[in-house]
There are 2 protein chains.
Amino acid sequence: MADTARTRLQQAAVTLFRDKGFDSTTAAEIAALAGVTERTFFRHFADKREVLFDGQAVLLEALRSAIENVPQDVPPLQTLFRVFRSVVPILDANRPFSQPRQAVISATPALQERELAKMAALAEALAQALRGRGVTDDRATYAAQVGMAVFAHVTLAWLEEATPSLGDRLDRAERDLADLM
Amino acid sequence: MADTARTRLQQAAVTLFRDKGFDSTTAAEIAALAGVTERTFFRHFADKREVLFDGQAVLLEALRSAIENVPQDVPPLQTLFRVFRSVVPILDANRPFSQPRQAVISATPALQERELAKMAALAEALAQALRGRGVTDDRATYAAQVGMAVFAHVTLAWLEEATPSLGDRLDRAERDLADLM
DNA sequence: AGCTTGATGTCAGTGACTGACAAGGGGAGG
DNA sequence: CCTCCCCTTGTCAGTCACTGACATCAAGCT
């Protein structure tokens with residue numbers, strides 16, 4: 001988290017996106033506010049949207065490793081809920097940063113699109129992990145997608161409104177899901 | 001489906017994307033092949049990707065109206081599966097067009113991103129419809145997302161490989177889903 | 001000191017997309 | 001038949017996202 005060009009760019013981006021909106025801030029403006037050139041911006045981030053989606057990589061690794069600590073005999077969906085609960089502390093710690101970021105995303109269709117892509121990647125990673133634990137191909141896909149859908153919806157609601165807590169919301173979601181079947 | 005500029009643009013786009021790839025075909029090339037100017041392309045489609053995502057609107061309406069014909073007392077997920085089965089004939093009829101289109105999408109990350117966004121919109125529409133039938137807010141969201149995830153996965157697999165039929169695949173998916181819980 | 005490596009700056013170019021304005025063609029009403 | 005109007009398209013100029021090629025410069029290694 002040093003004061004590197006990369007992190008300055010990320011902070012500048014959130015600030016400008018929040019103040020002027022995503023569409024009407026140029027990559028050059030972000031770079032200027034961060035004290036670098038536009039070219040440097042694109043060296044750090046593949047495109048203008050990507051500047052907001054770095055945490056996903058961290059989250060992905062957290063989820064990947066968390067899944068290892070769940071006994072193999074726990075059924076797939078239940079496994080995922082345990083994994084989600086295990087990353088709650090991380091999300092809690094990041095809420096101050098995540099909240100304004102999510103506000104920007106929620107206000108910008110182009111960014112929501114990217115977020116969906118990231119969620120899909122996360123879901124695919126979870127599915128892979130489940131397959132590694134002996135879950136059938138399709139079932140792993142379904143479990144991962146269902147899990148991610150719930151996880152995304154719950155965290156989004158929790159970023160808009162801090163209470164109830166993430167844990168409580170997950171409990172409730174798990175019950176809702178059970179009712180559904 | 002007349003021979004309008006719009007449809008010519010769509011056909012030209014699929015052709016060129018298939019032959020040269022999405023990234024290395026320009027909007028101007030598509031327009032030229034369709035016999036119009038680049039400006040006309042962007043009058044018909046908000047952006048270069050959107051030229052491939054028109055059918056979604058038709059599908060959405062089909063799903064919307066199909067849901068009306070399911071008795072209110074059928075539980076949510078089961079409702080959705082009935083709805084999906086009811087649009088199978090439409091999808092069957094469109095397979096010749098959908099298949100090459102999907103091949104292009106599957107080969108292009110930028111297009112997959114857009115497809116996810118369209119699916120999310122479809123899911124939201126289904127959720128709305130379910131809420132209109134008295135399903136609780138969150139449960140409607142979950143049911144719709146679960147349903148769409150399965151529907152998307154099933155149709156994708158079916159576009160890659162025509163047999164088993166869509167109906168059979170839906171049956172199997174429904175069973176897989178039940179197992180999951 | 002000399003060399004290498006990684007991050008940054010500079011510059012020129014391509015292509016997606018937009019706004020403003022003009023032009024043509026067919027249909028409705030006189 | 002003429003005229004007005006609307007809808008679609010063409011033209012042109014401009015902004016901005018993004019890229020490749022090359023130069024610079026500081027930090028660490030030998």
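To find a chain, count down the sequence lines: A is the first, B the second, and so on, and within it residues start at 1.
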> Should the heavy atoms of other residues, nucleotides or ligands under 6.0 Å from CZ of A/Arg95 be counted, would the total exceed 12?
Replying inline: yes

> Got a minute to check which stems DNA chain C is part of, using Watson-Crick or G-U wobble pairs under 3.5 Å, three or more consecutive?
Replying inline: C:1-30 with D:1-30

>> Can you measure A/Leu9 atom CG to C/dA7 atom P for me and round it to whole angstrom units?
In response: 14 Å

> Does any donor atom in the side chain of A/Arg169 or A/Thr155 lie under 3.5 Å from an acceptor atom in the other side chain?
Replying inline: no

> Can you check the A/Phe42 CZ to C/dG9 P distance for me, whole Å?
Replying inline: 14 Å

> Does the pair B/Glu124/B/Arg131 count as a salt bridge with the N-to-O cut at 4.0 Å?
Replying inline: yes

Just the table, please: protein N/O against nucleotides 6-9 of chain D N/O, every pair under 3.5 Å.
{"unit_1": "D/dT9", "atom_1": "OP2", "unit_2": "B/His44", "atom_2": "NE2", "d": "2.8"}

> Is the NZ or CZ atom of B/Arg101 positioned over B/Phe53's six-membered ring, under 6.0 angstrom from the centre and within 45° of the axis?
Replying inline: yes

>> What is the separation between atom CG on A/Leu16 and atom P on D/dC16, rounded to the nearest whole Å?
In response: 14 Å

>> According to a hydrophobic-cluster definition based on side-chain heavy atoms being under 4.5 Å apart (Ile, Leu, Val, Met, Phe, Trp, Tyr only), do A/Tyr142 and A/Val150 belong together?
In response: yes

> When the distance from CG of B/Leu111 to P of C/dA16 is rounded to whole Å, what number comes out?
Replying inline: 13 Å

Sub-3.5 Å pairs of nitrogen or oxygen atoms, protein against nucleotides 13-15 of chain D:
none

>> Are more than 12 heavy atoms, taken from residues, nucleotides or ligands other than A/Glu161, located less than 6.0 Å from that residue's CD atom?
In response: no

> CD of A/Glu38 versus C1' of D/dC16: gap in Å, rounded?
Replying inline: 8 Å

>> Could you check whether any side-chain heavy atom of A/Phe17 comes within less than 4.5 Å of a side-chain heavy atom of A/Leu52, counting everything from C-beta outward?
In response: yes

> Taking CG from B/Asp23 and P from D/dG20, how many angstroms apart are they, rounded to a whole number?
Replying inline: 12 Å

> So, are A/Lys118 and A/Glu115 salt-bridged, with charged N and O less than 4.0 Å apart?
Replying inline: no

>> Applying a 4.0 Å non-hydrogen cut-off, can you work out what B/Ser24 is touching in the nucleic acid: base, sugar-phosphate, or nothing?
In response: nothing

> Rounded to whole angstrom units, what separation is found between the CD1 atom of B/Ile30 and the P atom of C/dG15?
Replying inline: 13 Å

> Where does the angle between the aromatic ring planes of A/Phe45 and A/Phe41 fall among parallel (under 30°), tilted (30 to 60°) and perpendicular (over 60°)?
Replying inline: tilted

> Between B/Asp47 and B/Arg114, is any pair of side-chain heavy atoms under 4.5 Å apart?
Replying inline: yes

> Taking NZ, NE, NH1 and NH2 as the nitrogens, is one of them in A/Glu38 or A/Lys48 under 4.0 Å from a carboxylate oxygen of the other?
Replying inline: no

> When the distance from NZ of A/Lys48 to P of D/dC18 is rounded to whole Å, what number comes out?
Replying inline: 8 Å

